[in-house]
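Positions are given from 1 along the sequence. Order of appearance sets the numbers: ligands from 1, and atoms from 1 within every ligand. Everything numeric in this text was worked out from a predicted model, so none of it was measured.
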Amino acid sequence: MTEIDPVPLAQLTTLRTGGAPERMLEARTTSELVDALRQVWSRGDEWFVLGGGSNLFVGDEEFEGTVIRVLTSGIERLSSPHPGRSRVRVQAGHDWDALVAYTVEQGLAGIEAMSGIPGTVGAAPVQNIGAYGQEIQETLVEVDLIDEATGAVSTVPASDLGLGFRTSVLKHHYGDVPARRAVILSVTLDLADVGDAGRIVRGEQLRRALGLQSDAPVPLAWVRERILATRTAKGMLLDPEDPDTYSAGSFFQNAIVPDRVAMTLPPECPRWPVTPDLDAVTVIPLGAFDGQLPPIASVRSDVKVSAAWLIEQAGISKGFRLPRSRAGVSTKHALALTNRGNATAGELAQLARYIQSRVHAEFGLVLQPEPVLVGVEL
Ligand SMILES: Cc1cc2nc3c(=O)[nH]c(=O)nc-3n(C[C@H](O)[C@H](O)[C@H](O)COP(=O)(O)OP(=O)(O)OC[C@H]3O[C@@H](n4cnc5c(N)ncnc54)[C@H](O)[C@@H]3O)c2cc1C
C-alpha cells in the first residue's frame, strides 16, 4: 500500500467533479488492499474505495477521510463443476471491459452484452451492473470480500449479496447506508464455453439491440462489436474526445412503481413488468393438510417505467442546459447528465434537482439517482 499526495477526485471520476480528499492510498495487490482497509478502519477514518470512478457523484468540498484506490488486477481461469462451462476469478481492480474482451477472445459467453461498461470488476456486483437484458447476477458465483464490522475476509455466495435491479447489500443508495459495509477483493464468474461458434441470442432486449432476425448462433466477437458501436452512438462508451461521455452513465434509475400507478401514465410510456418474487411459497405440513388449499395470495406486481421517457415528456430534451450552467443533459441520451467542461458538483446537482422537480410536477414520481453520492445532496 502506498500513501500518495491526494489527487482531486475530478481527475478520477467520469463526471469530473470533486476536490482532493484528505488522504489517498493506492493498493496494487489484494494483501495491500486488505492492509490499507484494516489500517483505515482502526484509525476510525471516514473512507470509501475508488474503482474507475464511473458511478460516483462527488461534491465540491474536500472529502474529510481516506480514499483507497483499488488497483489490483489479474484473471485466473478455473474449472467449473458444470459441463460445458468454465470459471474465471478476477481481482477487484481489473478493468471490467478488459475482462469482457478476454472472455470473448476465449469463447466464454455470459457477459458479452455488458461490453463497454466502464469501471472495475470489483464494483460490478455492487450495483449488479447490466445492459441490454444481461446482468452480472446471471453468471456471478461468489465474491471474496472483507467486512468492516469484523475485518475478516470471507467467500460470499452471490445469493447472499441481495442482488437486484442496480442494487446489492453493498451499495450506498442515496440517503441510506449499505446493509453490509464491505469491500470486494475478487469476483468469480461461471461462463458457458462456446468457442468460436458463438451461441444463439435469446433475450428479446438484446436481440432487438443487435438487430437479429434469425435464430442462428452468432459469434461473441460480433455481439461485442455491435454493442460497442451502439454504446458509442448513445455516448455510453467512455471517450475523452466526447463530452457526452463525461457522465456517470444513467443518472436516474428507471422508476419501479405499482401497476396501479403505471396505469395512470400515458400508454406511450415505455414500461416493463418486474418479475414478482416467486420465492414466496406457502408450505403446508402434511399433518396439517385438511384437503383445502388456501386462497392464493395476490402478488403485487410492479412495473418498471422508462425514466428517459418521463424526462423527455416533462419537457427536458437531449442537450438541455440551465442558463449559464456548465452541466447539461447528454445530446445523445436523456438519462445521462454530463459535465460540459469544469462544471461544479453544485451545477450538476442543480440540473438533477430541476429534472426531478419537472418529472414530479408532470407525473408525480420522484426519480432516484443511480450513482453513489459522496458529499453532495439532491
Ligand atoms: C459512460 C457510462 C456508461 C455506463 N453504463 C452502464 C451500464 O450500461 N450499466 C451499468 O450497470 N452501469 C453503467 N455505468 C455505471 C458504472 O460504469 C458501473 O456502475 C461500474 O460498475 C462502476 O465501476 P467503478 O469501478 O467505476 O466504480 P466506482 O465509481 O469507483 O465506485 C462505485 C461505488 O462502488 C464502490 N466500490 C468500488 N469498488 C468496490 C469494491 N471493490 N468493493 C466494494 N465497493 C466498491 C465505491 O466505493 C462506490 O460506492 C456507466 C457509467 C458511465 C460513465
What protein heavy atom lies closest to atom 16 (C) of ligand 1? Include the residue and the distance to one decimal. Ser54 OG, 3.3 Å
Atom 32 (C) of ligand 1: which protein heavy atom is closest, and how many Å away? Asn55 CB, 3.9 Å
Given the options Arg180, Arg38, Arg181, Glu148 meets salt bridge (Lys or Arg N to Asp or Glu O under 4.0 Å) only with Arg181
Looking only at heavy atoms, is any part of Lys171 under 4.0 Å from ligand 1, and if so is it the side chain, the backbone, or both, or is it neither? neither
Using modelled atom types only, decide if a donor and an acceptor are shared between the side chain of Arg231 and the backbone of Met236 within a distance under 3.5 Å. yes
Taking Glu135 first and then Arg166, would you say they form a salt bridge - that is, a charged N and a carboxylate O separated by under 4.0 Å? yes
Met236 heavy atoms, cut-off 4.0 Å: which ligand 1 atoms fall inside? 1 (C), 3 (C)
Which protein heavy atom lies closest to atom 45 (C) of ligand 1, and at what distance to 0.1 Å? Val49 CG2, 3.5 Å
Subset of ligand 1 atoms that lie under 4.0 Å from at least one heavy atom of Val183: 42 (N), 43 (C)
So the atoms of ligand 1 within less than 4.0 Å of a heavy atom of Ala182 turn out to be 43 (C)
Report the part of Ile117 in contact with ligand 1, treating N, CA, C, O as backbone and CB onward as side chain, heavy atoms under 4.0 Å; options are side chain, backbone, both, neither. side chain
Val126 and ligand 1 - part of the residue with a heavy-atom distance under 4.0 Å: side chain
What is the nearest protein non-hydrogen atom to atom 21 (O) of ligand 1, stated with its residue, atom name and distance? Ile129 CG2, 3.3 Å
Taking 4.0 Å as the limit for heavy-atom contacts, which would you say applies to Met114 with ligand 1: side chain only, backbone only, both, or neither? neither
Pick one of side chain, backbone, both or neither for how Pro371 approaches ligand 1, counting any non-hydrogen atom pair under 4.0 Å. neither
Gly119: numbered ligand 1 atoms lying under 4.0 Å from its heavy atoms: 23 (O), 24 (P), 25 (O), 26 (O)
Below 4.0 angstrom from a heavy atom of Ala248, which ligand 1 atoms are there? Numbered from 1 as shown, please. 51 (C), 52 (C), 53 (C)
Where ligand 1 meets Gly51 - atom numbers and elements under 4.0 angstrom, heavy-atom basis: 25 (O), 30 (O)
Going by the atom numbers of ligand 1, which of them fall below 4.0 Å from some non-hydrogen atom of Gln127? 10 (C), 11 (O), 12 (N), 15 (C), 18 (C), 19 (O)
Those atoms of ligand 1 less than 4.0 Å from some heavy atom in Thr14: 53 (C)
